[in-house]
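Inspection log for the structure reproduced underneath, given as structure tokens.
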Amino acid sequence: MSASSNRPIGIFDSGVGGVTVLKQLYRQLPNESIVYFADTARLPYGTRSPEEILQFVREIMVWLEQQNVKMVLMACNTSSALTLDIVRSEFNLPILGLIFPGAKAAAQKGRRIGVISTPATAKSNAYLNAIAEIEPSAQVWQIGCPEFVPLIEQNRIYDPHTRKVVTEYLSPLIENQIDTLIYGCTHYPHLEPIIKEILPSGVNLIDPAKSLVQSTEQELELMGLKNHTNPVATRFCVSGMPDQFARISQRWLGYPPKVEKVNLAVPSLLTVDS
Ligand code: DGL
């Protein structure tokens, strides 16, 4: 076992979406310590430009590197779709994203695949391309869902308006008789109770976080970085208001997290066009 195996894994999202990835980490890799960063001051990411998203991700990566993490999981599909390949070549850390694990899990289940995601992820065609590579015979329908993240971050899961919006976004997928649905945004599994009421019951639901964490375990084993000692408590850090993040995430975590506010230093050498 490497001496650095007890360093934490860094994970990040724009907000509480990454909690769905965190819960998979708790389930599948209970010995790992985790630093969770949520860029709540700048969410939602999914309606921003690729350049802005790349700049934010670079800033977060620099900060996570300073926290001495041994690996980074992008617990955000938008960041994974738009920046994974770029930042992998810029940072000397293993970095894992959600798109390939999600696409692979979906292609193993069905041939008529719906993807609900942020508009930025849908526009990138990241899932469409990844699925085409893995299973060329699969058909894919992508829906950008700009209203979901704000509703989830406002804790409005059970609001009648949310139900109406879910119905609207899912209806073209239901019309096309999908057999598999990918949660192409880590916030969306939080809507599962509503989604399950609206989708026909036979549709496979794919949460890419499950497969991402399976790949994480393999990667840690391979690099001799899996922790076998007791983990320390998850450190939650946000760029916005700590109380708000604590209040909303408590519902899914099952405990009120202690949340720190941190300032990301803008890396002067990394500019958007470099
Ligand atoms: N949860 C993130 C994702 O998976 C980002 C959502 C957003 O901020 O728009 O794409």
Side-chain angles (χ1 to χ4, degrees), residues 10-25 36-61 72-84 87 95-103 105-106 114-128 130 142-157 162 165-166 169 181-192 195 205-213 216 236-241 244-245 248-249 251-253 264:
I11 79 172
F12 73 88
D13 181 40
S14 60
V16 295
V19 171
T20 59
V21 178
L22 181 65
K23 288 182 77 174
Q24 289 298 331
L25 278 166
Y36 183 114
F37 176 76
D39 199 1
T40 52
R42 303 190 284 197
L43 72 79
Y45 275 14
T47 43
R48 289 183 179 271
S49 70
E51 292 77 17
E52 279 178 302
I53 296 162
L54 177 58
Q55 180 66 23
F56 297 166
V57 171
R58 284 171 166 162
E59 291 168 19
I60 295 167
M61 285 298 306
V72 173
L73 305 191
M74 292 188 172
C76 169
N77 288 266
T78 310
S79 306
S80 307
L82 292 155
T83 74
L84 181 63
V87 294
I95 310 171
L96 274 66
L98 289 148
I99 308 295
F100 189 77
V115 187
I116 48 173
S117 72
T118 65
T121 301
K123 211 167 156 206
S124 76
N125 283 327
Y127 273 108
L128 182 87
Q142 307 177 102
I143 306 283
C145 311
E147 283 210 52
F148 279 172
V149 169
L151 287 169
I152 294 162
E153 290 285 341
Q154 289 160 23
N155 221 349
R156 291 175 61 192
I157 312 282
T162 304
V165 173
V166 173
Y169 288 147
L181 178 75
I182 302 181
Y183 293 130
C185 169
T186 51
H187 279 75
Y188 301 173
H190 293 321
L191 288 173
E192 187 154 279
I195 290 175
L205 295 172
I206 304 294
D207 180 355
K210 279 189 195 153
S211 325
L212 166 64
V213 175
T216 304
F236 291 94
C237 301
V238 296
S239 56
M241 290 181 290
Q244 172 142 346
F245 182 88
I248 299 172
S249 59
R251 158 183 278 176
W252 295 293
L253 289 168
L264 299 180

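Atoms considered below: every heavy atom in the structure, side chains included; atoms not considered: hydrogens, waters and symmetry mates. Sequence positions, counted from 1, serve as the residue numbers for this chain. Order of appearance sets the numbers: ligands from 1, and atoms from 1 within every ligand.
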Point to revise | Listed partners of Y183 passing ring-ring contact (aromatic ring centres under 6.0 Å, His included), at least two apart | key: none

Exercise for review: Answer yes or no: is there a donor N or O on one side and an acceptor on the other, between the side chain of T121 and the main chain of S117, under 3.5 Å?
Suggested key: no

Review point. Is T20 reaching over with its side chain to a backbone N or O of T186, donor-acceptor style, under 3.5 angstrom?
Key: yes

Exercise for review: Please list, by chain and number, the protein residues whose heavy atoms come under 4.0 Å of ligand 1.
Suggested key: D13, S14, P44, Y45, G46, C76, N77, T78, T118, V149, C185, T186, H187

Practice item. Taking atom types as modelled, find out whether S239 and D39 have a side-chain donor-acceptor pair closer than 3.5 angstrom. Key: yes

Point to revise | Shortest non-hydrogen contact between D13 and C76, atoms and distance | key: OD1-CB, 3.3 Å

Review point. Between E59 and R42, is there a salt bridge with N-O shorter than 4.0 Å?
Key: yes

